[in-house]
Amino acid sequence: MPVMGPIALHGGGEFLPGDERFLDALLAVTAESAQARAQGGTWEGVRIAIVPAAAGRGSPDRVAAMAAGAFEERARVCGHLVRIGVARVVDAASADDPDIAEVIESADLAYLPGGDPDLVPGLLASTGAGRALAALHRRGAVIAGASAGAMGLADWSWTSEGGIRGLGFVHGLIVVPHYDDVRRMAWQTGLEKVAPPGLGYLGLDERTGVIAVNGGWQVAGEGAAYWFQPGSTFPIIARHGDRLELPD
């Protein structure tokens, strides 16, 4: 049986000041995972692939450069050796480029920043890049998504025009990013009109996320995570260092 790697879900505002707690926790989990898979072999540092698919209609190169700078800075502070590549998946051609797929599949961490929610499953489902992401996950490496990137990792995601099928790396929940702003709106009523039944809602403040480690989900960041179990209108609230019991 393959060993599925850790998943990290982030509420957005990624790489901005205040995101250090989450980035440090993510790097620590990735380094531990990568070293365990190395099994005494040559250690060349954590390989990170930035996958700016959700920013394909905007500024993917700027997003990727911002991500690389943030990871390099936190790696320097925390004493990690990192090697960063960009898997520039921005359209149908690049999503099936074998060289780009290799950047993803060989990484210890694939990070999907935010952007347009429809582009993550649109570009990564049933393409070479998507298959590389699944292969990375099967060999125990880490997949992280922020905002639209996090939304697309679940079975079901949503856009301003309605619901769409996600990539299915996370089951039983819908990710609601930017929750520090969204919670002031009637978001749940709107989602429940279009979402499949039986799903819970995971609200994540900006610069805050959850990381699946040791059979549970660890919260990391300056804000909070809000878990609405299926059918519940009142969340379980967790903050940095707390654990959440979410669906497997």
Side-chain angles (χ1 to χ4, degrees), residues 2-10 12 14-15 26-27 29-30 33-34 37 44-71 82-159 163-171 174-175 177 209 211-212:
V3 178
M4 299 301 183
I7 296 288
L9 307 171
H10 186 277
E14 62 270 31
F15 316 128
L26 181 60
L27 282 170
V29 168
T30 303
S33 171
R37 291 194 311 279
E44 298 180 347
V46 173
R47 297 164 297 178
I48 300 174
I50 309 300
V51 189
R57 297 190 187 101
S59 304
D61 298 326
R62 180 184 62 80
V63 169
M66 188 175 185
F71 276 117
V82 296
R83 294 185 294 155
I84 300 175
V86 177
R88 197 177 184 278
V89 179
V90 296
D91 53 25
S94 56
D96 273 320
D97 186 317
D99 292 333
I100 290 176
E102 173 60 24
V103 173
I104 296 173
E105 188 168 349
S106 63
D108 300 306
L109 165 64
Y111 194 108
L112 283 64
D116 293 320
D118 64 300
L119 288 179
V120 175
L123 291 174
L124 294 173
S126 303
T127 65
R131 289 188 289 273
L133 198 65
L136 174 153
H137 186 47
R138 286 193 299 271
R139 66 175 175 81
V142 182
I143 300 175
S147 188
M151 294 164 66
L153 294 180
D155 285 325
W156 190 90
S157 186
W158 49 284
T159 74
I164 57 174
R165 186 178 298 278
L167 296 177
F169 290 103
V170 180
H171 308 294
I174 296 168
V175 179
I211 306 172

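One-based numbering along the sequence shown.
Using a distance-only test at 3.5 Å, with no hydrogens or angles considered, no donor-acceptor pair links the side chain of R88 to the main chain of A64. Although no hydrogens or angles enter the test, the distance criterion places a donor-acceptor pair under 3.5 Å between the side chain of S33 and the main chain of G140. D96 places a side-chain N or O within donor-acceptor distance of the main-chain N or O of G128, the cut-off being under 3.5 Å.
Atoms CG and CZ, on L136 and F169 in that order, are 8.5 Å from each other to the nearest 0.5 Å. Taken from CG in L9 to CD1 in I143, the straight-line distance is 10.5 Å, to the nearest 0.5 Å. For the atom pair CG of L112 and CG of L123, the computed distance is 10.5 Å after rounding to the nearest 0.5 Å.
Of all heavy-atom pairs between G114 and E14, the closest is N-OE2, 2.7 Å. Across A8 and I211, no two heavy atoms sit closer than the pair CB-CG1, 3.9 Å. A pairwise comparison of heavy atoms in E105 and R139 identifies O-NH2, 2.5 Å as the closest pair. Closest heavy-atom contact between L119 and A54: CD1-O, 3.6 Å. Looking at every heavy atom in both residues, L167 comes nearest to V120 through CD1-CG1, 3.9 Å. Of all heavy-atom pairs spanning P6 and A212, the tightest one is CB-O, 3.4 Å.
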Please output the side-chain donor-acceptor pairs of residues 145-157 that fall under 3.5 Å, not counting sequence neighbours, one pair per line with the distance.
unit_1: S147; atom_1: OG; unit_2: H178; atom_2: NE2; d: 2.7
unit_1: D155; atom_1: OD1; unit_2: H171; atom_2: ND1; d: 3.1
unit_1: D155; atom_1: OD2; unit_2: H171; atom_2: ND1; d: 2.9

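The 12-atom threshold is not exceeded at CZ of R165, counting heavy atoms of other residues, nucleotides or ligands nearer than 6.0 Å.
The shortest distance between side-chain heavy atoms of I50 and P113 falls below 4.5 Å. For the pair I48/L27, a side-chain contact is recorded, criterion being any heavy-atom separation below 4.5 Å from C-beta on. V89 places none of its side-chain heavy atoms less than 4.5 Å from the side chain of T127. By the 4.5 Å heavy-atom criterion applied to side chains, F71 and V82 are not counted as neighbours.
Aromatic ring pairs are classed by plane angle as parallel below 30°, tilted from 30° to 60° and perpendicular above 60°; the pair F15 and Y111 is tilted.
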> Given V170 and V175, is the side-chain contact (heavy atoms from CB on, under 4.5 Å) satisfied, shown in steps?
Replying inline: CA-CA 10 Å; V170 180; V175 179; 6.0 Å; no
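Side-chain contact annotation: S94 with D97, donor-acceptor N/O pair under 3.5 Å absent.
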